[in-house]
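First comes the structure, then the notes that go with it.
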Amino acid sequence: MSRRIDFFRWLIYYSFMIKIKDMEFEYYDRDEEGNLTEMISAIRGIRFEAEKGAFIALCGRNGSGKSTFAKVLNRLLVPAEGTVMIAGIDALNAENALEIRKRVGMVFQNPEDQLVGSVVREDCAFGAENLGVPEKELAGRVDDALEAVGLSEKAEAPVESLSGGEKQKLAIAGVLAMGTECMVLDEATSMCDPASAREILQLLDKLHREKKLTIIFITHNMTEALCADMIYVFDKGRIAKSGRKQAIFANTEKIDALGLEVPMAVSVARKLKEDGYLRTDELYSVGEICARLLKEHPYAFVKGVKLEAGKPKKLPVNPKSAILFDSVSFSYGKNKVLDSLSFSVAKGEYVVITGRTGAGKSTLLQLIPRLLSPQSGQIYVDGIDVNDRTTDIRSLRTKVGFMFQYPEQQLFAENVYEDVVFGVRNLGISEVEAEKRAYECIELVGLSQDVYDLPPDKLSGGERRRVALAGVLALQPEYLVMDEPFAGLDPEGRRSMEELILALNKEAGITVLLVSHDLDDALAHADRVICIENGCVVTEGDPAEVFCAQYRDGGVKAGVPFTTELMCTLRDRGMELSPPARTPEAAVCEIERCLRK
């Protein structure tokens, strides 16, 4: 009888890829002597099931427990309590570690963290090789995996020659070559440009459909979560909400309370329904909204008419600008990154630089405070030649506040206060003034007094960005140069950072130049957008005009803001809308104006 019960129990578990019951996980903090000082509960009493071949999105604000949960699935972490079964195998049993990792592959946020080979083929083979896959079988697996992700033609290319999106595809290929049944992706698109992020999502959908792969996709982007069959929302180590997208977004107030953001398509559809212009709000894309409006309001569309938008004007480079790039070229060895690039930024402007990963954006920013030097061309800040060896480099870097894409690259002190005060002390001012500036700037970026004595590695990603920004602001810069300040932040953290940067620009008068893949933010807030491609400026100007021109040039595939796509698509269908709006709210107002005619 007991054998029969065990068999049915095994059958139930084996029908699921993942089955978790009452799982608890705790982190322990210890002092320098190894004594336990604090216990932090990261996962509390979670129950979770994923059928084989499911596509599941895990969402939640920073620190909600998503990444911890993901690492348990791959047995990188082992919970203190509960049941964790992976493909019918007990994941808590140490003897099953290898079997678990054969079945569940991890793809991390930054592909650099898991790429180890120098050549694409070699890197793809690394994981499978370590699992003991025979050499003859290994070659076939690698070929199949590279073909699945679209990297066959680059099999012999150096890994360093790949773009950021291609590196993430290579990380996915490495997991596929291991023969995995389940792929867990932890914020795998957060560092990608919009085009690369879209390609990754399309690839996951293809692997899910064609290879019946179980996908567990962690994201802060609720629009990306729409791709999944099921959505789980984490909050404070628990699953606060779960279900299909219709159920998840039925209560937008609940999503807001959980620190997330309702997809723009859902918000627009809901507002149009509330105002009586749509009969349903279960619409999740621009295409669905446009089709429904055309069906319910055919009179608002002029058939056969396409309304062309204006093209951005080519702006002359102003030699008196606050920041000036004049025919700047830069190469890493034989790899040319910037090619005779020219642009200017006026005092007090908020300028966003966009472009695909590998276009040269980060390199461009690092030339401004002379962290790098160009091979040719001139760079000026307030008329000062940045590359003149007689230029006071300390004075330049005080004037130009610089933030790296990864804030941990500029945090090194033993605690937050010492990190923020470090740069100010080097200015030669009094300790009293240095301390005053440090405390003021920590408060200014929205951090509490509780963080003063904390080591930076105890902070969340969003908090580390704020500490890095506080250290920059303590120098009282005239220019703020930032590389991807919103990357990896949850919606709540991103909104807070956006508001802070806007206030520094509009109220404190600091000139802002930043690289960002958040095109919706660039459209809503920037004075000007500069688009970089292959190390050159391809277009620049008013954000609405620039993105509308990109849409005309096939930019939907490359990625344009939601509002731009919505307005331009409706104009193409024949709705006589005024020039493109910059926010979804403004778009709704303009759409309703046309529908009232």
Side-chain angles (χ1 to χ4, degrees), residues 6 9-30 34-52 54 56-109 113-114 127 131 175 178 180-188 214-220 228 230-242 258 457-461 490:
D6 287 343
R9 186 177 295 162
W10 173 85
L11 192 61
I12 291 170
Y13 276 120
Y14 196 74
S15 66
F16 288 90
M17 185 67 228
I18 301 166
K19 195 169 182 68
I20 294 172
K21 184 177 179 182
D22 301 332
M23 187 179 83
E24 304 270 347
F25 187 89
E26 298 159 344
Y27 285 105
Y28 296 91
D29 264 2
R30 298 182 183 275
N35 298 314
L36 183 65
T37 59
E38 186 180 9
M39 182 182 72
I40 302 169
S41 181
I43 299 290
R44 297 183 290 173
I46 276 186
R47 294 192 175 202
F48 177 88
E49 293 178 349
E51 293 182 357
K52 289 189 175 183
I56 293 174
L58 305 183
C59 307
R61 70 182 92 204
N62 291 118
S64 61
K66 307 183 303 298
S67 293
T68 299
F69 179 79
K71 289 173 183 174
V72 167
L73 300 182
N74 188 239
R75 213 182 183 280
L76 292 174
L77 296 175
V78 181
E81 294 180 22
T83 302
V84 180
M85 302 294 290
I86 308 293
I89 301 169
D90 183 1
L92 302 192
N93 187 336
E95 294 179 358
N96 295 331
L98 183 60
E99 286 301 315
I100 295 297
R101 287 171 190 159
K102 282 181 180 179
R103 286 167 169 76
V104 180
M106 286 283 296
V107 178
F108 296 99
Q109 183 180 55
D113 292 340
Q114 63 189 105
L131 291 178
V175 171
M178 293 166 63
T180 186
E181 299 172 37
C182 174
M183 187 179 297
V184 181
L185 302 101
D186 191 1
E187 293 286 352
T214 305
I215 305 286
I216 309 290
F217 183 71
I218 297 176
T219 181
H220 290 141
M230 285 284 291
I231 300 171
Y232 287 79
V233 181
F234 279 64
D235 185 52
K236 298 177 182 177
R238 297 183 186 277
I239 295 175
K241 195 172 178 63
S242 65
L258 292 169
D457 63 2
K458 298 298 182 185
L459 305 178
S460 69
D490 59 38

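For this chain, numbers begin at 1 and follow the sequence in order.
Contact detail for Leu92 and Gly82: the closest heavy-atom pair is CD1-O, 3.1 Å. Summarising the geometry of Asp235 relative to Ala240, their closest heavy-atom pair is CB-CB, 3.9 Å, with the distance given to 0.1 Å. The two atoms that bring Ile43 and Gly65 nearest to each other are CD1-O, 3.4 Å, heavy atoms only. In plain terms, the two heavy atoms of Thr180 and Arg103 that are nearest each other are OG1-O, 2.8 Å. Shown here for Phe16 and Lys52, the closest heavy-atom pair between the two residues is C-CG, 4.1 Å. Nearest heavy atoms, Pro79 versus Met23: CB-CG, 3.6 Å.
Contacts of Arg238 classified as salt bridge (charged side-chain N to carboxylate O under 4.0 Å, His left out), with partners at least two apart in sequence or in another chain: none. Remark: Glu81 engages no residue in a side chain to side chain donor-acceptor pair (under 3.5 Å) (not counting sequence neighbours). With sequence neighbours left out, Val107 forms a side-chain contact (heavy atoms from CB on, under 4.5 Å) with Gln114, Gln168, Ala171, Ile172, Val175, Met183, Leu185, Ala188. Among residues two or more places apart in sequence or in another chain, the salt bridge (charged side-chain N to carboxylate O under 4.0 Å, His left out) test is passed with Asp22 by Arg47.
Under a 3.5 Å cut-off, the side chain of Asp90 and the backbone N or O of Met85 do not form any donor-acceptor pair. Proximity of a side-chain donor or acceptor of Lys66 to a complementary backbone N or O of Gly60 within less than 3.5 Å is detected. In this structure a side-chain-to-backbone donor-acceptor pair under 3.5 Å is missing from Lys19 to Glu51. With Gln109 contributing its side chain and Glu187 its backbone, the two residues share no donor-acceptor pair below 3.5 Å.
Using a 4.5 Å cut-off on side-chain heavy atoms (C-beta onward), Tyr232 and Ile56 make contact. Looking only at side-chain heavy atoms (C-beta outward), Val104 and Glu181 stay at 4.5 Å or farther from each other. Considering only heavy atoms from C-beta on, Ile216 comes within 4.5 Å of Leu58 through its side chain.
Here the SG atom belonging to Cys59 is positioned 11.5 Å from the CG atom belonging to Asp490, to the nearest 0.5 angstrom. Separation of atoms OG (Ser64) and CD1 (Ile218) is listed at 9.0 Å; rounding is to 0.5 Å. Between atom CG of residue Asn93 and atom CD1 of residue Ile100 there is a gap of 9.0 Å, rounded to the nearest 0.5 Å. Within the model, atoms CG of Asn96 and CG of Leu98 stand 9.5 Å from one another, a figure rounded to the nearest 0.5 Å.
Applying the side-chain hydrogen bond (donor to acceptor under 3.5 Å, both in side chains) test to every pair with at least one member in residues 67-78, sequence neighbours left out, gives these pairs: Tyr27-Thr68, Ser67-Asp186. Judged as a ring-ring contact (aromatic ring centres under 6.0 Å, His included), the pairs with a partner in residues 66-109 (not counting sequence neighbours) are, in order, Phe48-Phe69, Phe69-Phe234.
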Worksheet item: Can Ile18 and Leu73 be said to form a side-chain contact (heavy atoms from CB on, under 4.5 Å), step by step?
Response: CA-CA 8 Å; Ile18 301 166; Leu73 300 182; 3.9 Å; yes
Discussion item. If you apply the rule side-chain contact (heavy atoms from CB on, under 4.5 Å), what do you find for Met17 with Ile86, and how did you get there?
Written reply: CA-CA 6 Å; Met17 185 67 228; Ile86 308 293; 3.8 Å; yes
Practice prompt. For the pair Val72 and Val84, evaluate side-chain contact (heavy atoms from CB on, under 4.5 Å) and give the outcome as yes or no after the intermediate values.
Written response: CA-CA 8 Å; Val72 167; Val84 180; 4.2 Å; yes
